[in-house]
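In this text the structure is predicted, and so the values were computed from the model without any measurement. Note on naming: letters A, B, ... go to the chains in the order of the sequence lines (proteins, then strands), and numbering restarts at 1 for each one. Any value given below was found using the heavy atoms of this structure, including those in side chains, with hydrogens, waters and symmetry copies removed.
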Amino acid sequence: MSTNTQNSRRDFLKISALTGGGLLLGFSWLETDAAIPVAITDLLAAEKKGFNSYLSIDTDGVITILSPNPELGQNIMTSFSMIIAEELEADWTKVKVIQAPLDTKSFDRQLTGGSGAIPHSWKRLRTAGATAKYMLVQAAANQWNVPASECTAKNGMVIHAQSGKKLSYGSLAVQAAAIEVPKNVPLKDRKDFTLIGKIVKNVANKSIVTGKPLFGLDFYREGMLYAMIQRPKAFGTKIKSVDSAAAKAMPGVVDVVVFKNNVAVVGKSTWEVNKARKLLVIEYENDGGTPESTSDHNAIFSNLLDNGNVTVKRKNGDVAAAFANAAKIIKSEYQGPFLSHSPMEPMNFFAHVRPDGVELVGPTQTPASARSATSKLLGIPEDKITLQITRLGGGFGRRLKFDYVVEAAELSSIVKAPIKLIWTREDDITGGSYRPAVKYRFEAAIDSSGNLTGYKCRGVGINSGSPTREDNFPSGAIDNLLIEAVEHKSAITTGAWRAPITNFLAFAEQAFLDEVATAMGKDPVQFRLDLLARAKSNPVGTIKYDIARMEGVIKLAAEKSGWGKKKGVSQGFSVYFSHASYVAQVCEVIMQAGKPVVKKIYAIADCGEVVNLGGARQQVMGGVVDGMGHAMYGKLSFKNGAAEQNNFNTYRLIRMKDVPEVEPHFVNNGIEPTGLGEPALPPTGGAVANAIFKATGKRLRNQPFIEDAIFKTT
Amino acid sequence: MPIFKLSINGKQYQPDVAEDTPLLWVLRDHLGLVGTKYGCGIAQCGACTVHVNGTAVRSCVLPVSAVKNSAVTTIEGLSANGDHPLQTAWDEVDVAQCGYCQAGQLMTAAALLKKNPHPSSEEINNAMQGNICRCGAYHRIHEAIKVASKKI
Ligand code: FES
Ligand code: FES
């Protein structure tokens, strides 16, 4: 049994004055160590101390859990609650989960991104559940006048086996609130888990399938106005003149206002606003430089790869000598386009800027940053701004940016009315924050004895930040290695897109390693295992990945997929480490009518302890579908600063028929949970490309794959 | 603006809207039936799917003036208690991720099963090809349709 000993008493509260009686436990998420309860006599005191995050047990046994992190389909409301319920020994059917509003005093890291929520909260959630259980057990023991050690808790009941007595949590809630809060509570041994690791259905299923108003776009407030903004169609341009007379004359239009580079139409319904916006006559002019086109980017990439002022990100050994002495040099370039996040629910937000404060409601991955940006912009203190988080119709990183929140707030402050700002799909796809376009040049040196002696990767991205992950595999396994990065600054805006950078880099690297393995006459799986063995026995520089975990997923992927033993299919392999997790994939391709068809992808994930097997499978399968969809079809190109695709008729997303079978597996090694929202995506492009090479002899080095000649009808 | 007489989920409504207003926005902005979702506005994603006289229709491109006396069913009216075989199958299979596309997926699937209660995998794929799920829940959508089809 593991016991948590590092707790301080001050950040976990017991509040006895719960309306209607019952046990209410507040726990702060502020501390890095898991929290421990403190007794507090009334709710007011709790609020004074700024703690009001809680799990509560009503006298009727209903357990209410407040879920702080934005829910965008990663199923956090379910898995957070499972972790608490596990330690609490709760009756799962009595657990109710509520989305918490933004509350930086009670919660920390109230954001969704970086696959970090479960790893971050694992211990504190368990402690919260275990503490409540301890108090319930003690309350029952007191009542029966028996030692607590003779009592057990299970399924929402405390049981005294010797006497056969039982009491429900609901009936114990009031007495439990009077128990002194324990300092150190034991946590369960993972072999005793009854909920964690099982398939538990999404707590929001019923609301979703019956069409309940869960999302930001569904939010309605009496008297609110609808708004759309016309933003410049081309990046690198600004407004020269606006003629809004025709738009203003349209029925339902309340106002047309110009702010920054925006022309906003405000009116009584979405449709009327949308129609009027089309009648705006806006002239734009270049804002400094010349707006860029994709054709310019191709030239910029080549130039930067050849002559760019690169930053060395990692260097081991003597790379020049390794290449000078090489018997064989393999050199390849990989290129990926801009991508739009296009979550199904477009950007939207409700804002009501009143004289006494601001109300914000809507879908955001970063509520705290959205509020602080609003506060700065409007000069209104943060404590006068409330932010209610609605369910997010997807995020994929787009809602880490809060541009649309601030727009809504600014517009509400200008028109002095509650407004709901809506982006159309066209606004979304043409509106920026893209996955940056990138290009990589890889080089490998093989000596006369057939050893891989040198490795280079130079990455260039457009507003990409650093396009490399220099400490990732195969760094540490090759004597002479050079990783360099260079960036081109552009007016086209970019942002984090699910598995930032690695969403393309993993494909490029894993496809290139496949090229190297082929050139060396090695099996791609064995090649990687050999490199890892080298990194383990004789590491080159620092190693920042876990060799054993990576080996683990590689071996399990080979086993589950029957690697190298299957007839009639061409297999491709890929493995990647991101967000502290490891995922290996094997893709199987067959030829149909002369074209490669992806039939199946095995995905083996080591994300540590799997909390909800159902949700985990969703993340892995969805990640694979997402990875494959964008590798195959995703492309956003530019002409004179303007996106050339603007809706799903030209910007292709993967659909049901395009989806291969996906078989997920998890390495059940019992280590604490690591990320899972993103790690399954990066390996997919590589596995697919490598399988297609096996099937066709053709290397795919550019995305989207669909543009390659092998997919064209002959 | 003209007043339209609409029959939605068995109830009568009389919204006062411009005749070119797509049914989607009448439902969402004027009648408070927000279960039907906006995803693209150009009949490409299926998020806005409703039934008009039992047929799956993209409400984002259907002007309210074209609805006339047709019976409209939205996700809110698919079943009285959220227990249409597809809705229970969706829960059983635990289909949804973000959930935003699911009303549209369900309405497309419901129209399919009405016409063809036991569709083959290929028929399911064909019927569902117009519905995008950005979260990539396609495997479970497909499976849930099969599960539901066994119940009817
Ligand atoms: S919103 Fe109607 S099909 Fe996309
Ligand atoms: S569940 Fe998110 S778009 Fe389908």
In terms of heavy-atom proximity below 4.5 Å to chain B, should A:V200 be classed as side chain, backbone, both, or neither?
-> backbone
The interface call for A:K657 against chain B, heavy-atom contacts under 4.5 Å, is both
Side chains of B:V34 and A:L217: closer than 4.5 Å at any heavy-atom pair?
-> no
Parallel, tilted or perpendicular: which fits the ring planes of A:F215 and B:Y100, with parallel below 30° and perpendicular above 60°?
-> perpendicular
Parallel, tilted or perpendicular for A:W497 and A:H341, by the 30°/60° rule?
-> tilted
Does any heavy atom of chain B fall under 4.5 Å from the side chain of A:P660, the backbone, both, or neither of them?
-> backbone
Between B:S121, B:G35, B:G99, B:C101, which residue shows the highest count of heavy-atom pairs closer than 4.5 Å to chain A?
-> B:G99
Using the six-membered ring wherever Trp is involved, compare the ring planes of B:Y38 and B:W25 and label them parallel, tilted or perpendicular (cut-offs 30° and 60°).
-> tilted
Determine whether A:E345 and A:R399 make a side-chain contact, defined as any pair of heavy atoms from C-beta on separated by less than 4.5 Å.
-> yes
Which atoms of A:P343 come close to chain B, meaning under 4.5 Å heavy atom to heavy atom: side chain ones, backbone ones, both, or neither?
-> backbone
What part of B:H139 gets closer than 4.5 Å to chain A, counting heavy atoms only: side chain, backbone, both or neither?
-> side chain
Answer whether the closest heavy-atom distance between the side chains of A:S340 and A:D428 falls below 4.5 Å.
-> yes
Among A:S207, A:P346, A:G394, who wins on heavy-atom pairs under 4.5 Å with chain B?
-> A:P346
Residue B:D20 versus chain A: region with a heavy atom under 4.5 Å | both
Which portion of B:H84 sits near chain A, non-hydrogen atoms under 4.5 angstrom = neither
What do the steps show when you test A:R498 against A:N503 for side chain to side chain donor-acceptor pair (under 3.5 Å), and what is the final call?
-> CA-CA 7 Å; A:R498 194 179 192 180; A:N503 55 47; over 6 Å; no
Using non-hydrogen atoms only, which part of A:L392 is less than 4.5 Å away from chain B: side chain, backbone, both, or neither?
-> backbone
Which of A:T270, A:N75, A:L214 touches chain B most, by non-hydrogen pairs under 4.5 Å = A:T270
Side chain, backbone, both or neither: which part of A:V625 has a non-hydrogen atom closer than 4.5 Å to chain B?
-> side chain
Chain A contact via B:A96 - which portion, at a heavy-atom distance below 4.5 Å = both
Pick one of side chain, backbone, both or neither for A:E272, based on which atoms fall under 4.5 Å of a heavy atom in chain B.
-> side chain
Would B:D29 and A:K420 pass as an ion pair if we require N to O under 4.0 Å?
-> no
Compare all side-chain heavy atoms of A:V253 with those of A:V273 and state whether any distance is below 4.5 angstrom.
-> no
Answer with side chain, backbone, both or neither: which region of A:S342 has an atom nearer than 4.5 Å to a non-hydrogen atom of chain B?
-> both
Is it the backbone or the side chain of B:Q87 that comes under 4.5 Å from a heavy atom of chain A, or both, or neither?
-> both
Engaged part of A:F648 at the chain B interface, taking heavy atoms whose separation is under 4.5 Å | both
Which atoms of B:N131 come close to chain A, meaning under 4.5 Å heavy atom to heavy atom: side chain ones, backbone ones, both, or neither?
-> backbone
Which region of B:V95, side chain (C-beta onward) or backbone (N, CA, C, O), has a non-hydrogen atom less than 4.5 Å from a non-hydrogen atom of chain A, or is it both or neither?
-> backbone
Counting heavy-atom pairs under 4.5 Å with chain B, the top scorer among A:Q74, A:K212, A:K275 is A:K275
So which part of A:I654 gets closer than 4.5 Å to some heavy atom of chain B, the side chain, the backbone, both or neither?
-> both
Counting heavy atoms not belonging to A:K600, are there more than 12 under 6.0 Å from its NZ?
-> yes
Looking at A:N274, A:I422, A:N202, A:I199, which has the largest count of heavy-atom pairs under 4.5 Å with chain B?
-> A:N202
Among the options A:R391, A:R617, A:K268, A:K201, pick out the one with the most heavy-atom pairs lying under 4.5 Å from chain B.
-> A:K201
Using non-hydrogen atoms only, which part of B:L78 is less than 4.5 Å away from chain A: side chain, backbone, both, or neither?
-> neither
State whether the number of non-hydrogen atoms from other residues, nucleotides or ligands found under 6.0 Å of B:D16 atom CG is greater than 12.
-> yes
Rounding to 0.5 Å, atoms NZ (A:K599) and CD (A:E661) come to a distance of 9.0 Å
Pairing of A:D218 and B:K37 as salt bridge, 4.0 angstrom limit = yes
